[in-house]
Amino acid sequence: MQPVKIAAAVALCAILFWLGLRLTRRAVDLGIAAGRDEARRREAESEQPKE
């Protein structure tokens, strides 16, 4: 393989890896935010007086 093709393949893999990390981080952040919202909702429900 020529060095130019190797460099292009490495660059492409690095870009795909970086995009995968960003997507994973975003998914984790969304999951954490959803969990916090659910905890707040449950806390608000438990603080309401029961009739």
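Only heavy atoms go into these numbers, but all of them, side chains included; no hydrogens, no water, no symmetry mates.
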Would you tabulate the side-chain donor-acceptor contacts of residues 29-38 under 3.5 Å, counting partners in other chains and residues two or more places apart, or write 'none'?
residue, atom, partner, partner atom, Å
Asp37, OD1, Arg40, NH1, 3.1
Glu38, OE1, Arg41, NE, 3.3
Glu38, OE2, Arg41, NH2, 2.4
Glu38, OE2, Arg42, NE, 3.2

Any pair counted as salt bridge (Lys or Arg N to Asp or Glu O under 4.0 Å), so long as it reaches residues 6-15, sequence neighbours left out: none

Co-members of Trp18 in a cluster of I, L, V, M, F, W and Y side chains, linked at under 4.5 Å: Ile15, Leu19

